[in-house]
Amino acid sequence: MNEVWKKPPISLEAYQKMVGHEVGVSSWHLVDQSRINAYADVIEDHQFIHIDPERAKTRNRVWHHGGPRLPDDVALSIMSYEVMPVIEGTTMGVNYGFDKLRFISPVRSGSRVRGRFTLAEAKLRKPTELLSRTNVTVEIEGEDKPALVADWIGLIYFA
């Protein structure tokens, strides 16, 4: 179940005061082969680099992946619900896209990842619409380089 709606909501003013600060860091999440396979089924992307561990180990050495991997943007979504607060009166949140999204390192099967979220902007576009910009880094446990860095934009709607 999505844990985001179990958190006590905060006021819009409290949310806006978080701008420029790290909102939080998620727990570590295991990215195992069953999660990668499930994602491949959903998006109908059954390339061997995702679902065939033996073939991926030999072929992915060329690309330095070394085995099946999860598309990094999935890792981002997995952790955001755990960390990002809910604002009082929210009726809906929409992923509006990215101004910057860089896939730095592959997330290999068996890796653990966590997200680090810093609120960069939170401004009302309309009385019932907030544009929220969050800087995100998805870290891979034991790796020097992150899986991804992103400037993620969301729209939050109020009643």
Side-chain angles (χ1 to χ4, degrees), residues 1-45 50-51 67-159:
M1 166 151 195
N2 185 335
E3 299 295 315
V4 70
W5 300 111
K6 292 182 179 180
K7 293 184 219 172
I10 65 171
S11 70
L12 174 58
E13 294 77 24
Y15 186 78
Q16 289 176 314
K17 286 180 182 176
M18 294 175 152
V19 170
H21 300 281
E22 185 173 85
V23 175
V25 178
S26 76
S27 59
W28 290 105
H29 294 265
L30 176 65
V31 179
D32 59 11
Q33 191 60 47
S34 64
R35 181 172 270 174
I36 294 170
N37 291 346
Y39 182 74
D41 288 343
V42 168
I43 66 165
E44 297 184 0
D45 180 357
H50 303 305
I51 63 166
R69 60 189 182 89
L70 178 71
D72 299 327
D73 54 330
V74 177
L76 177 64
S77 293
I78 291 169
M79 293 163 290
S80 66
Y81 288 117
E82 182 182 340
V83 174
M84 296 305 292
V86 175
I87 303 169
E88 292 171 347
T90 297
T91 57
M92 178 175 61
V94 176
N95 178 355
Y96 196 54
F98 300 91
D99 271 349
K100 176 184 175 184
L101 176 62
R102 300 291 183 265
F103 301 112
I104 309 298
S105 298
V107 178
R108 294 175 191 87
S109 178
S111 298
R112 291 189 344 148
V113 296
R114 71 177 176 188
R116 189 172 294 276
F117 298 82
T118 300
L119 187 60
E121 181 180 358
K123 66 179 182 180
L124 286 171
R125 292 179 5 152
K126 300 176 184 174
T128 59
E129 181 182 292
L130 177 77
L131 182 132
S132 180
R133 182 183 308 271
T134 306
N135 300 130
V136 184
T137 301
V138 175
E139 302 170 335
I140 307 168
E141 188 175 42
E143 298 286 331
D144 293 333
K145 294 182 181 178
L148 69 82
V149 293
D151 183 8
W152 194 11
I153 304 168
L155 293 178
I156 300 167
Y157 295 93
F158 305 97

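The side-chain heavy atoms of D151 and F98, taken from C-beta on, include no pair separated by under 4.5 Å. The side-chain heavy atoms of K126 and L124, taken from C-beta on, include no pair separated by under 4.5 Å. Side-chain atoms of E143 and S105, non-hydrogen and from C-beta on, never get closer than 4.5 Å to each other. With a 4.5 Å cut-off on side-chain heavy atoms, I104 and P146 count as touching. Residues V25 and V83 are not in side-chain contact: their nearest non-hydrogen atoms beyond the backbone lie 4.5 Å or more apart. Residues L130 and Y15 have side chains in contact (heavy-atom distance under 4.5 Å, counting atoms from C-beta outward). With a 4.5 Å cut-off on side-chain heavy atoms, V23 and T134 do not count as touching. Within the 4.5 Å cutoff, no side-chain heavy atoms of T118 are placed close to those of H21.
When every heavy atom of A122 is checked against every heavy atom of Q16, the shortest pair comes out as O-NE2, 3.1 Å. Between T128 and A159, the shortest heavy-atom contact is CG2-O, 3.8 Å. Listed here is the closest heavy atom pair of A120 and N135: CB-OD1, 3.4 Å. Scanning all heavy atoms of the two residues, the minimum distance from N95 to I153 falls at OD1-O, 3.7 Å.
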*Verdict with supporting geometry, D99 and R133, side chain to side chain contact (heavy atoms under 4.5 Å, CB included)*: CA-CA 9 Å; D99 271 349; R133 182 183 308 271; 2.5 Å; yes

*Begin from the C-alpha positions of L148 and L101 and carry the test side chain to side chain contact (heavy atoms under 4.5 Å, CB included) through to its verdict.*
CA-CA 7 Å; L148 69 82; L101 176 62; 4.3 Å; yes

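Looking only at distances, no side-chain donor or acceptor of E141 sits under 3.5 Å from a matching main-chain atom of W28. S111 places no side-chain N or O within 3.5 Å of a backbone atom of I140 that could act as its donor or acceptor partner.
Both tests pass for R125 against the ring of Y96: distance under 6.0 Å to the centre and angle within 45° of the axis.
Residues E22 and R116 are paired through a salt bridge, judged by an N-O separation under 4.0 Å between the basic side chain and the carboxylate.
Note on ring orientation: taking the six-membered ring where Trp is involved, the planes of W152 and F117 are tilted (angle from 30° to 60°).
I10 CD1 to M18 CE: the interatomic distance, rounded to the nearest 0.5 Å, is 4.0 Å. Note: S132 OG to I156 CD1 = 4.5 Å, rounded to the nearest 0.5 Å. To the nearest 0.5 Å, atom OG1 of residue T90 and atom CG of residue L12 are 8.5 Å apart. One distance of note links CD of E13 with CD of E88; it measures 8.0 Å at 0.5 Å rounding. Atom CZ in R114 sits 7.5 Å away from atom OG in S26 (nearest 0.5 Å). Considering NZ of K145 and CD of E139, their distance stands at 15.0 Å, rounded to 0.5 Å.
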